[in-house]
Structures are given as structure tokens and as C-alpha cells.
Amino acid sequence: MKKISLVILVWLVTFGPALAATTIKLGVVTKPGSAQNIVADKFKELVEEGSDNAFEVKIFHSASIGNETEILQQIQMGTLQMGVITDGPFDTFDPIVRVINYPFLFKDHAQADNILDGPLGDQILASLENVGFKGLCFSENGFRNLSNNKHAVGAPGDVKGLKIRVMSSALHKTIWQALGANPTPMPWPIYTELEQGVIDGQENPLWVMEVYKFYEIQKFMTLTRHVYSSHINVASLKWFATLSPENQALITSAIKAAAVFQRQDNRKKNAGRLALLKEKGMQVVETPDIDAFRRQVAGLKEMDLYADPKVQGLLIKLLDAVK
Ligand code: EAX
């Protein structure tokens, strides 16, 4: 008997530590089924499988550990290891992120992918190291569209005076001010505020209208596609630096593969979502006067928002690359 216990003890001391999985805590603000969660779920699957369960990914979702700004602060401190976070709230941490959200920048998905997966995207990811994030890659929230509960919007004149919720981002607030709206920054989620009429409208990609059932509380939508919105997938720089090169490579390749998977998944569902919103009774303006919207925000690149030479420099390169 004693001998057997000794053998078990020796075995446990030798192999036990290797058996205990290392936990990666990952934060997303959105609920299951959301674009961010699809990336997170895929990443969990790939990294657990790829490490033979040496890593265990615990996903904290639905704002259970705070809004996106608070998740980012926890990642900076290292109490959370990773996050799939919408680009908007990053701009208070590093203004360089504003270049991606420049209005009407990307023509289509292919152009967004080429740039974000290329050297200009890498420059943004690398810059995040200055503020404590290991920038890993971009996945997709999608082209943002305006919805509201007051009246149909076909041109910027119709936006005048609408109370629009925007992300916690100076850029997004400025865009909607330039368009004549009355923008209010608020963290996610915002269903109650829309339902109670604290705000008239909001802007988000099509998946949000479906997953958060905004068709129940918003009558009008316009396919403004005014900003292409990504998620920036980050790790805590402090934590990432403690990993072996093999584990760093595993995590990086898993999150990149998850992003590729999620972008495709998101895009193939968009036509069905538009049909659903109409079926649910939303009135959709599919071809608003985009040129008029564009003209209204044309002065943005000269504003203080982009004054930092590093940010201005990258914006100029990007505007050139999308020509
Ligand atoms: O992904 O805050 C926002 O508007 C985001 O787009 C939201 O997290 C949904």
C-alpha cells in the first residue's frame, strides 16, 4: 500500500505541474453569438487543441468584468490576459487607432483586409506596445450603419438634432457632431437607453441589429457604412513577454486563424440579416446620399484628432493606399 502511494506521490510531483492547464482569461463586452464572441470561441478551440489542453481559455463576456475601456485597463495591468475589443475605445489609449475609423476610408472588405493584415496594420499593432498591449491582429465588427427611432435618414440634413449614442471615442463623437447630430458617448450595451428614448439612435454593423434585437426598438435604418469597424485583438504585454516563443507563436497563429474564420462568417450572414430587419418591419434606406455624408466630414483629417505627427503620417499613407 505504502509503496503504491509513494509511486503516486512521485508521479504527481514530477508530472502534476505539467497537467495543470495555464488559464488565459479573455474579455469581450458582447454576448454569445456576437462578432467578438465568435472570434473568442474559435480562439479558445484552436489554442486548447493546439496546446493539447496545456492552455485553458476562460471567456468573460456580456460586460461581466466591465465595459471595453475597463477590460483594456485590466489587460494593461495584466489581471486579464487577452481581449477582443472594438477599435473605438482604443483611441483614448493610443490615438493612432483613429486612422482605421477614419470615415469612408475603406471601399470594401477586401481592401480593409489587405491593409489591416499588411504593413500599415502592423504599424498600428506595434504602436500599442507603447501602452501595454501586445497587438495580435484585427477581426471584424463590420461597416457601421445608422439606426434611429425618429424618421428615415437619406442625407446628412436628416441627421440634424438626432441624439445618437457613440462609442467612447473622441473621433466617433466628432464625426457625428460634424454630421449635425447630438452624439453621446456611452459604453456597451445600450438596449435600455434606446428603449427608453434616452437616445434616438445608434450606429453599428448589421449583426448587432440582429443579435441585440434592435429591430424591436428602432424603426429606421440607413446603410451609411460611414466607418469600417474592426476589433483589435490584444494580449497583456507583460504576460505575453513571459511566454515561451513557441507559446507566443501558438497564440498568435490561433487568434489570426480565428479572425480569418470570423470575418468570413460575418460577411456571409449580412444579406440574411438585412432581409430579417425588413421582415421585422424596419424601414431601411439602402442608398443614402453618401457623397453628401462624405463632404460633411471631409475636414476631419485637419482636426486636432489627427494632429500627432505619427497619427497624421499614418493617415496620409492610408488615404493614399485606398485611392
Ligand atoms: O460590437 O460599442 C459598440 O458600438 C460596439 O460596436 C459594440 O461593442 C458592439
Side-chain angles (χ1 to χ4, degrees), residues 26-42 59-75 82-93 97-98 100-101 103 106 112 116 138-148 162-176 179 181 183-195 198-215 217-218 221-234 258-259 262-263 265-267 269-270 273 277:
L26 184 152
V28 291
V29 78
T30 43
K31 66 181 183 183
S34 297
Q36 289 88 330
N37 300 62
I38 291 172
V39 182
D41 290 346
K42 194 67 178 177
I59 300 170
F60 294 83
H61 60 80
S62 308
S64 59
I65 43 159
N67 62 42
E68 292 190 306
T69 303
E70 291 160 345
I71 294 175
L72 287 175
Q73 287 163 345
Q74 293 170 67
I75 295 172
M82 290 181 67
V84 176
I85 306 295
T86 319
D87 43 20
F90 270 97
D91 84 0
T92 52
F93 294 84
V97 172
R98 284 182 196 143
I100 323 173
N101 284 175
F106 296 126
L116 295 176
F138 299 93
S139 48
E140 158 170 300
N141 214 8
F143 282 100
R144 302 180 79 92
N145 299 304
L146 176 68
S147 76
N148 85 96
L162 285 180
K163 275 188 267 164
I164 303 294
R165 174 272 177 178
V166 293
M167 292 188 279
S168 310
S169 150
L171 170 62
H172 283 264
K173 190 171 176 198
T174 308
I175 292 174
W176 288 97
L179 291 170
T184 313
M186 266 179 209
W188 196 256
I190 56 168
Y191 188 97
T192 316
E193 289 78 0
L194 286 169
E195 191 181 27
V198 179
I199 39 176
D200 302 320
Q202 61 91 47
E203 43 81 57
N204 252 303
L206 285 170
W207 72 262
V208 170
M209 306 300 292
E210 181 192 12
V211 174
Y212 282 89
K213 296 196 165 76
F214 281 1
Y215 52 78
I217 44 166
Q218 294 278 271
M221 195 173 72
T222 307
L223 301 188
T224 45
R225 293 166 64 90
H226 52 279
V227 161
Y228 177 77
S229 189
S230 62
H231 319 132
I232 312 183
N233 304 325
V234 292
Q262 179 267 336
R263 285 171 178 173
D265 176 80
N266 192 39
R267 291 163 192 176
K269 291 176 182 162
N270 276 338
R273 289 171 179 148
L277 300 179

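One is the number of the first residue; the rest follow in order along the sequence. Read the numbers this way: they start at 1 and go in the same order the structure lists the ligands and their atoms.
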* N/O separation below 3.5 Å, Trp188 to ligand 1 -> no

* Return yes or no for this condition: an N or O of Thr30 is under 3.5 Å from an N or O of ligand 1. =>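 Looking only at distances, the answer is no, because the N/O contact criterion of under 3.5 Å is not met.
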
* To which of Glu203, Gln202, Arg165, Glu68 does the heavy atom nearest atom 3 (C) of ligand 1 belong? ->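 The residue whose heavy atom sits nearest atom 3 (C) of ligand 1 is Arg165.
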
* Asked: If you measure from atom 8 (O) of ligand 1 to every heavy atom of Val84, Thr86, Ile85, which option wins on shortest distance?
  ->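 Looking at heavy atoms only, the winner is Thr86.
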
* Are His226 and Trp176 close enough that some pair of their side-chain heavy atoms sits under 4.5 Å apart? -> yes

* Asked: Does a side-chain heavy-atom distance below 4.5 Å link Lys42 with Gln262?
  ->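 Side-chain contact under 4.5 Å: no.
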
* With sequence neighbours excluded, what pairs up with Tyr212 under the ring pair (Phe, Tyr, Trp, His ring centres under 6.0 Å) test? -> Trp188

* Structure fact -> Numbered in order shown, the ligand 1 atoms found under 4.0 Å of a heavy atom of Val29 are 8 (O)

* Interfacing atoms of ligand 1 (cut-off 4.0 Å, heavy-atom, Arg144) -> 3 (C), 4 (O), 6 (O)

* **atom 6 (O) of ligand 1: the protein heavy-atom neighbour that sits closest, reported with distance to 0.1 Å** =>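 Checking every protein heavy atom, the shortest distance to atom 6 (O) of ligand 1 gives Asn204 OD1, 2.7 Å.
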
* Structure fact -> for atom 1 (O) of ligand 1, nearest protein heavy atom and its distance come out as Gln36 NE2, 2.9 Å

* Pair Glu140 + Arg263, salt bridge at N-O below 4.0 Å -> no

* Asked: Side chain, backbone, both or neither: which part of Trp207 comes within less than 4.0 Å of ligand 1 when only heavy atoms are counted?
  -> side chain

* Test item: side-chain donor near acceptor, Arg273 and Asn270, under 3.5 Å -> yes

* Which value, rounded to the nearest 0.5 Å, describes the distance between Leu277 atom CG and Asn145 atom CG? ->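 These two atoms lie 9.5 Å from each other.
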
* Measuring from Lys269:NZ to Asp265:CG, what's the distance to the nearest 0.5 Å? -> 3.5 Å

